[in-house]
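Step one of this worksheet: look at the structure below.
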Amino acid sequence: MKLLIVAKLLENTDGIRNSGYVAFSLSVLAYFFYAWQSIVIYLLLIVIFALCLLQHYLSIRIQFDAELLKLIGTTSETSDTKKDMTQQTAELDRGLLELGLIPVDKTGRSWDIRIQGCMRLFKLHVAVVLCQYIVLISLMIFLLKQ
């Protein structure tokens, strides 16, 4: 059940992702309205582009992890044996390893460690979006002082 709860939490990150896109769009829009030749504005735009790319990557990772957790969670709910969950985990690790999506040292981890990693990604995603808004506010303050 824990896997399904975390999967549901991770599935509902669309609002966070869209909020990041709003911050990005407003930052670029502010630049176009007040395009002065200033190194600070260019640096803030570079930062906002980098943060947008990072938050997009994190969003993709979170959605992927949510689908994997939901898949494993629903199949483990229908099966009765612990061995079946261990077998599914080994098959998942093998598939991810063959596709080059995880390094060899990350195979065989417990689900508690995996869930902690998913929650870390979720918190990082929120932090990146907050940074996007901080950059947007900084850009607005800088532009209003001009």
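Along the sequence shown, residues carry numbers from 1.
The two residues G108 and R114 have their closest heavy-atom pair at N-NH2, 3.8 Å. Looking at every heavy atom in both residues, I16 comes nearest to Q55 through O-OE1, 4.4 Å. Among all heavy-atom pairs drawn from V129 and S19, the shortest one is CG1-OG, 3.9 Å. Taking all atoms of both residues into account, the shortest heavy-atom contact from L136 to S27 is CD1-OG, 3.4 Å. Contact between C118 and L69 at its shortest, heavy atoms only, is SG-CD1, 3.9 Å.
Rounding to the nearest 0.5 Å gives a distance of 4.5 Å between CD1 of I102 and CG of D93. How far NZ of K123 is from CG of L121: 11.5 Å, rounded to the nearest 0.5 Å. To the nearest 0.5 angstrom, T107 atom OG1 is 7.5 Å from D105 atom CG. For the atom pair OG (S59) and CG (L54), the distance works out to 11.0 Å, reported to the nearest 0.5 Å. Note that the CG atom of L45 and the SG atom of C52 stand 12.0 Å from one another [nearest 0.5 Å]. Here the straight-line distance linking atom CD1 of I62 with atom CD of E67 works out to 13.0 Å at 0.5 Å rounding.
Residues passing the side chain to side chain donor-acceptor pair (under 3.5 Å) test with Q132: none are found, sequence neighbours excluded. Not counting sequence neighbours, the partners of V135 by the side chain to side chain contact (heavy atoms under 4.5 Å, CB included) test are L44, V47, I48, L51.
With respect to D65 and K70, no salt bridge is recorded, no charged nitrogen being found less than 4.0 Å from a carboxylate O.
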Could you check W111 against I72 for side-chain contact (heavy atoms from CB on, under 4.5 Å), going step by step and ending with a plain yes or no?
CA-CA 10 Å; W111 279 103; I72 294 294; 3.7 Å; yes
List the steps and the verdict of side-chain contact (heavy atoms from CB on, under 4.5 Å) for R17 and H125.
CA-CA 8 Å; R17 182 186 63 232; H125 190 219; 4.3 Å; yes
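At a threshold of 4.5 Å between side-chain heavy atoms, the hydrophobic network of Ile, Leu, Val, Met, Phe, Trp and Tyr places L101 and L92 in one connected group. L139 is not connected to I46 by any chain of hydrophobic side-chain contacts under 4.5 Å among Ile, Leu, Val, Met, Phe, Trp and Tyr, and they are in different clusters. Residue I60 is not grouped with residue F24 when hydrophobic side chains (ILVMFWY) are merged at heavy-atom distances under 4.5 angstrom, including chains of intermediate members. One hydrophobic cluster holds both F64 and L99 under the rule that ILVMFWY side chains link at heavy-atom gaps under 4.5 Å. The cluster map of Ile, Leu, Val, Met, Phe, Trp and Tyr, joined by side-chain heavy atoms under 4.5 Å apart, puts V128 and V22 in the same cluster.
Note: Y21 and H56 have tilted aromatic rings, judged against thresholds of 30 and 60 degrees for the angle between ring planes.
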